[in-house]
J.: 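What follows is a structure written as structure tokens; I'll ask about it next.
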Amino acid sequence: MRTWPGRRAGRVREAPTGRRECPPPTESGQDGLRMNDELRITPRSADFAAWYNDVIMRAQLADYSPVRGCMVIRPHGYAIWELMQGALDAMFKETGHQNAYFPLLIPQGFLAKEAEHVEGFAPQTAVVTRGGGKELEEPLVVRPTSETIIYAMLSKWVQSYRDLPVLLNQWANIVRWEMRTRLFLRTTEFLWQEGHTAHATSHEAEEETLLILGVYRRFMEEWMAMPPLTGPKTEAEKFAGAVRTYACEALMQDNKALQAGTSHFLGQNFAKAFDTQYQTADGALDYVWSSSWGVSTRLVGGLIMTHSDDVGLICPPRLAPIQVAVVPIWRSDAEKAAVLDSAEQLARALREAGTRVALDDRDGMKPGAKYYEWEGKGVPVRLEVGPRDVKQQQAMLARRTGGKAPVAVAGIVEAVQGALAEIQDDLLAAARQRREDHSIRGVTKEQLIELMEGAGGFAYGGYCGSPECEAGVQQASKATIRVLPDEEFRSDPAPATCVWCGKRAELEAVWARAY
RNA sequence: CGGGGCGUGGCGCAGCUCGGUAGCGCGCCUGCUUUGGGAGCAGGAGGUCCCGGGUUCAAAUCCCGGCGCCCCGACCA
């Protein structure tokens, strides 16, 4: 059985609880309650940024590193990332992709080969100029993304249309020198997945771009319970070097948008820059058409900001490193033996059914303290097992999202799995409801500005397509066009006029202030 | 880079105006009693007061100069 290091004696295997109607943790000393100051959480409504940081610290997801802008991902945070990786990796494999690994260091000259690309990334790169005690002949950049090195290699590997498509993915770290950083959301170094594909036709490459956008969306909804809007970005917002960028945009609890995943149709831009040509069936030479796409550890930040509350993290069951915490309760040694025996049986049954369970049998820690700890860490379900429960062949099942009820031991696996599934569904439904509650359609210029200066949210409005209008709105409201929404998200009737200039609307756009 | 805040045991802070033994809460260690929503008592460990100069008999405290971190804004996944 898996155990956790206890702060007192015992081992820990855990379970969460409903965040009952008890008040949130209070300041030390108040109400006779005490808690470690480092675990104190600023109320979300008081200061969202502080709340976000506090949740991360409380749940032990990450910590600051000695280097500005960098973060340490702690085991509990990394476990969430690993679950994300597992789900996404399986989806990539199902759609025919293979993993590979390209190096961290890229010749500086490579970046310069694609004009927009270098313009976009040069200011953000870290450059290595010395190695082995000597000045390097050509500086090496720490990859801010890997298009350049990958196309340099593809031009070696691809000769014929028979070599296409190439469907690659890599899990890697990258470095982008950011002015301002935030845990998970924007750090100097971050972990991500970058897919790179090369195709014989433009159509096929764009189909691939959209396929992956759909994969991302499905992952965000089904695993993260975070429902994004999807659609293309405007020219101003697209990836440096792409022909078109598509994105998933999710709405956080402070009503700011988070770009959660992007998928780019690159046309032949990189193929031309790196001379990645192939021979067609009829003997001609053509450049490959390509796509690239990525999601990063930023998703962990999105997960936190989508669901969590003033008690701490709320983690959707499918991505919860610990789905169930079992907390035994006893008074005497005799009770302890019986209760532990029952708790271990429950834990074993759940584990055998594929549930991630922790049994928290740490000695000398009161049950209430354990509840708070697991709640802070976002564990979706807690099972409490005390002498009374043993006698009645039951356990108390408490949900992180609220509610506590007895469950018969005989049906524990079904009850727990049912609860996990319900919590997963409820979180998605709640997030979708919140998104719609904070979306306004057919906004006027005044409404848009008012919304952005106030409550925030997604503002749907008409857009003539001109960069001037896009810039005008941004200057007036600090909101950017997050996406030109895909059909299923569009308004009916479609907006008739541009929010900014009042001319005929060619498109519908969704504005929001964004991370 | 601009604006704000902050650097004192692991964490959160007080002390600084008015220089003179470095304190409090939580956490940690030991023991006993506890355990159905953050346990109690007793004992104990733990600090280059961010760094460097200066003033002074004496600096966490006063002066000068650095550095670092966090938050807010301009750039970005």
Side-chain angles (χ1 to χ4, degrees), chain A residues 7-8 17-40 42 47-50 52-54 57-58 63-69 120-121 123-124 144-145 174-194 233 237 239-240 245 247-249 258-264 293-299 301-302 311 327-333 335-336 339 361-376 382 384-390 395-396 398 404 406 474-475 478 480 514-515:
Chain A
R7 53 172 82 170
R8 309 263 141 83
T17 289
R19 63 136 174 314
R20 325 141 328 82
E21 15 313 40
C22 84
T26 53
E27 304 284 311
S28 219
Q30 257 175 260
D31 301 336
L33 293 181
R34 304 239 176 99
M35 78 187 276
N36 189 330
D37 287 339
E38 88 182 296
L39 300 182
R40 216 184 270 166
T42 305
D47 181 343
F48 195 86
Y52 174 77
N53 286 328
D54 290 349
M57 294 304 165
R58 173 100 196 256
D63 205 348
Y64 296 101
S65 89
V67 176
R68 188 200 81 92
F121 283 109
Q124 291 188 267
T145 179
I174 60 181
V175 166
R176 296 181 186 177
W177 220 260
E178 301 286 354
M179 300 195 231
R180 197 172 150 245
T181 56
R182 275 161 142 319
L183 293 173
F184 287 112
L185 300 176
R186 180 172 300 102
T187 46
T188 298
E189 178 190 4
F190 59 95
L191 304 182
W192 77 343
Q193 143 292 298
E194 48 179 323
K233 290 277 189 181
E237 298 282 329
F239 172 74
T245 288
C248 289
E249 290 282 331
L258 181 74
Q259 179 170 301
T262 48
S263 188
H264 316 290
W293 25 276
V295 294
S296 70
T297 38
R298 167 179 269 198
L299 289 178
V311 177
V327 179
I329 301 156
W330 66 82
R331 288 167 198 277
S332 65
D333 284 352
E335 280 180 353
K336 179 176 177 180
V339 160
D361 59 1
R362 281 175 293 181
D363 214 340
M365 201 174 166
K366 299 194 74 165
K370 295 179 181 178
Y371 301 167
Y372 281 107
E373 187 171 313
W374 298 121
E375 285 165 9
R382 177 182 69 237
E384 304 167 10
V385 184
R388 293 201 292 273
D389 302 306
V390 172
M396 295 300 294
K404 179 147 104 173
Q474 180 166 2
Q475 195 155 18
K478 290 181 185 164
T480 48
Y515 277 99

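The structure displayed is predicted, hence computed values, not measured ones. Throughout, protein chains are lettered first and strands after them, A, B, ... in sequence-line order, and every chain is numbered starting at 1. The analysis underlying the following values was restricted to heavy atoms, covering all of them including side chains, and did not include hydrogens, waters or symmetry mates.
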J.: How would you label the contact of A:Phe239 with the nucleic acid (heavy atoms, under 4.0 Å): base, sugar-phosphate, or nothing?
T.: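 Counting heavy atoms under 4.0 Å across all strands, no contact is made by A:Phe239.
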J.: Between A:Lys370 (NZ) and B:U34 (P), how many Å, whole number?
T.: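 After rounding, the gap between these two atoms is 17 Å.
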J.: Can you establish whether the number of heavy atoms outside A:Trp177 located under 6.0 Å from its atom CH2 is more than 12?
T.: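 No, not enclosed.
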J.: Please report the distance, rounded to the nearest Å, between CG in A:Leu183 and P in B:A77.
T.: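 Answer to the nearest Å: 19 Å.
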J.: Would you measure the distance from the P atom in B:G46 across to the matching atom in B:C67 and give it in whole Å?
T.: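 Their P atoms lie roughly 35 Å apart.
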J.: When you check the gap from the basic side-chain N to the acidic O, do A:Lys233 and A:Glu249 get nearer than 4.0 Å?
T.: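 A salt bridge links A:Lys233 with A:Glu249.
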J.: In this structure, how many angstroms lie between the C1' atom of B:G36 and the NZ atom of A:Lys404, rounded?
T.: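 Taking NZ of A:Lys404 and C1' of B:G36, I get 7 Å after rounding.
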J.: Does the A:Arg331 side chain pair with the main chain of A:Pro387, one donor and one acceptor, at a distance under 3.5 Å?
T.: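 Checking the backbone N and O of A:Pro387 against the side chain of A:Arg331, no donor-acceptor pair under 3.5 Å is found.
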J.: Identify, between A:Arg182 and A:Ala260, the residue whose nearest nucleotide on RNA chain B lies closer to the 5' end.
T.: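 That would be A:Arg182.
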J.: Sort out the partner of B:A60 for me: Watson-Crick or G-U wobble, both distances under 3.5 Å, none otherwise.
T.: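 Check on B:A60: unpaired, no WC or wobble geometry under 3.5 Å.
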J.: Classify A:Pro123 by what it touches in the nucleic acid, base, sugar-phosphate, or nothing, heavy-atom distance under 4.0 Å.
T.: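 Touches nothing.
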J.: Nearest whole angstrom, please: distance from the C1' of B:C32 to the CG of A:Asp363.
T.: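 Those two atoms, CG and C1', are 13 Å apart.
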J.: Just to be sure I understand the rule, does A:Thr42 reach a base, reach only the sugar-phosphate, or reach nothing, if contact means heavy atoms closer than 4.0 Å?
T.: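 No contact.
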J.: Is A:Thr145 close to A:Gln124 at the side-chain level, that is, under 4.5 Å between some pair of heavy atoms?
T.: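 A:Gln124 vs A:Thr145: side chains apart.
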J.: Please give the nucleotide sitting opposite B:C41 as a Watson-Crick or G-U wobble pair, both distances under 3.5 Å, or none.
T.: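 Across all strands, the one nucleotide that pairs with B:C41 is B:G31.
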J.: Just checking A:Gly294: base, sugar-phosphate only, or nothing, at a heavy-atom cut-off of under 4.0 Å?
T.: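 No contact at all - A:Gly294 keeps every heavy atom at 4.0 Å or more from the nucleic acid.
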J.: Name the pairing partner of B:G73, where a pair is Watson-Crick or G-U wobble with both distances under 3.5 Å, or state none.
T.: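 Result: B:C1.
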J.: If we take the C1' atom in both B:C50 and B:A60, what is their distance in whole Å?
T.: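 Those two atoms are separated by 12 Å.
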J.: CE of A:Met396 versus P of B:U35: gap in Å, rounded?
T.: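 Interatomic distance, CE of A:Met396 to P of B:U35: 19 Å.
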J.: Is the aromatic ring of A:Phe190 within stacking range of B:A77, meaning centres under 5.5 angstrom and planes under 30 degrees?
T.: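 Answer is yes, a stack.
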J.: Just how far, in rounded Å, is C1' of B:U35 from CG of A:Asp333?
T.: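 Going from A:Asp333 (CG) to B:U35 (C1'), I get 12 Å.
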J.: What do you reckon, do A:Tyr371 and the base of B:G37 stack, with centroid distance below 5.5 Å and planes below 30°?
T.: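 Stacking between A:Tyr371 and B:G37: absent.
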J.: For B:C57 versus B:U17, give the span between their C1' atoms, rounded off to a whole number of Å.
T.: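 About 23 Å, rounded to a whole number of Å.
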J.: On RNA chain B, check which nucleotide each of A:Thr188 and A:Arg388 is closest to and give me the residue with the more 5' one.
T.: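 So the residue in question is A:Arg388.
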J.: Across all strands shown, which nucleotide pairs with B:C49 by Watson-Crick or G-U wobble geometry, both distances under 3.5 Å?
T.: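 Across all strands, not a single nucleotide pairs with B:C49.
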J.: Looking across every strand, which nucleic acid part, if any, lies under 4.0 Å from A:Leu299 by heavy atom: base, sugar-phosphate, or nothing?
T.: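 The answer is nothing, as A:Leu299 stays clear of every strand by at least 4.0 Å.
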J.: Considering only the C1' atoms, how many Å lie between B:G31 and B:A45, rounded to the nearest integer?
T.: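 My reading of the C1' atoms in B:G31 and B:A45 gives 15 Å.
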J.: Which whole-number value in Å describes the distance from A:Gln475 CD to B:A74 P?
T.: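 Nearest whole value for this atom pair: 11 Å.
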J.: Is A:Asn53 close enough to B:C71 that one of its side-chain N or O atoms is under 4.0 Å from OP1 or OP2 there?
T.: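 Answer yes for this pair, as a side-chain N or O of A:Asn53 is under 4.0 Å from OP1 or OP2.
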J.: If the C1' atom of B:U21 is compared with that of B:G15, how far apart are they to the nearest Å?
T.: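 Here B:U21 and B:G15 have their C1' atoms 14 Å from each other.
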J.: Determine the Euclidean distance between corresponding C1' atoms of B:C29 and B:G19; express it in Å to zero decimal places.
T.: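 Approximately 36 Å lies between the C1' atom of B:G19 and that of B:C29.
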J.: Would you please confirm or rule out a distance under 4.0 Å between OP1 or OP2 of B:G36 and any side-chain N or O of A:Lys366?
T.: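 Result: yes.
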J.: Of all residues at least two apart in sequence or in a different chain, which pass the side chain to side chain donor-acceptor pair (under 3.5 Å) check with A:Lys336?
T.: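 Side chain to side chain donor-acceptor pair (under 3.5 Å) check on A:Lys336 returns A:Asp363.
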J.: Base, sugar-phosphate or nothing for A:Asp47? Non-hydrogen atoms, less than 4.0 Å.
T.: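 Nothing, no heavy atom under 4.0 Å.
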J.: Classify the nucleic acid contact of A:Glu178 as base, sugar-phosphate or nothing, counting any heavy atom under 4.0 Å across all strands shown.
T.: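 Base contact.
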J.: If you only use heavy atoms from C-beta on, which nucleotide in B:A77, B:G36, B:C71 is closest to the side chain of A:Pro387?
T.: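 Nearest to the side-chain atoms of A:Pro387, counting from C-beta on, is B:G36.
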J.: Between B:G2 and B:C75, how far apart are the C1' atoms? Round to whole Å, please.
T.: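 Result for the C1' pair: 14 Å, nearest Å.
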J.: May I have the distance from A:Ile329 (atom CD1) to B:G38 (atom C1'), rounded to whole angstrom?
T.: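 Interatomic distance, CD1 of A:Ile329 to C1' of B:G38: 14 Å.
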J.: Look at the side chain of A:Glu335 and the base of B:G36, then say whether one donor and one acceptor between them are separated by less than 3.5 Å.
T.: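 Donor-acceptor pair under 3.5 Å: no.
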J.: Report yes if a side-chain nitrogen or oxygen of A:Arg331 is closer than 4.0 Å to either non-bridging phosphate oxygen (OP1 or OP2) of B:U35; otherwise report no.
T.: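 Indeed, a polar side-chain atom of A:Arg331 lies that close.
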J.: By nearest atom, which of the nucleotides B:C71, B:C76, B:A77 is closest to the A:Arg186 side chain?
T.: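 Between B:C71, B:C76, B:A77, the one nearest the side chain of A:Arg186 would be B:C76.
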J.: Report the nucleotide, chosen from B:A77, B:C71, B:G36, that has the shortest atom-to-atom distance to any side-chain atom of A:Glu384.
T.: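 Per side-chain heavy atoms of A:Glu384, the pick is B:G36.
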J.: Looking at residues at least two apart in the chain, or sitting in another chain, which of them share a salt bridge (charged side-chain N to carboxylate O under 4.0 Å, His left out) with A:Glu237?
T.: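 Residues passing salt bridge (charged side-chain N to carboxylate O under 4.0 Å, His left out) with A:Glu237: A:Arg482.
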J.: Checking A:Asp389 side chain against A:Gly386 main chain: does a donor-acceptor pair fall under 3.5 Å?
T.: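 Yes; at least one donor-acceptor contact below 3.5 Å.
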J.: Determine whether a donor-acceptor pair (N or O, by modelled atom type, separation under 3.5 Å) exists between the side chain of A:Tyr371 and the backbone of A:Glu384.
T.: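 No: the side chain of A:Tyr371 does not pair with the backbone of A:Glu384.
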J.: Would you mind pulling out the nucleotide paired to B:C6, Watson-Crick or G-U wobble, both distances under 3.5 Å?
T.: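 Base-paired to B:G68.
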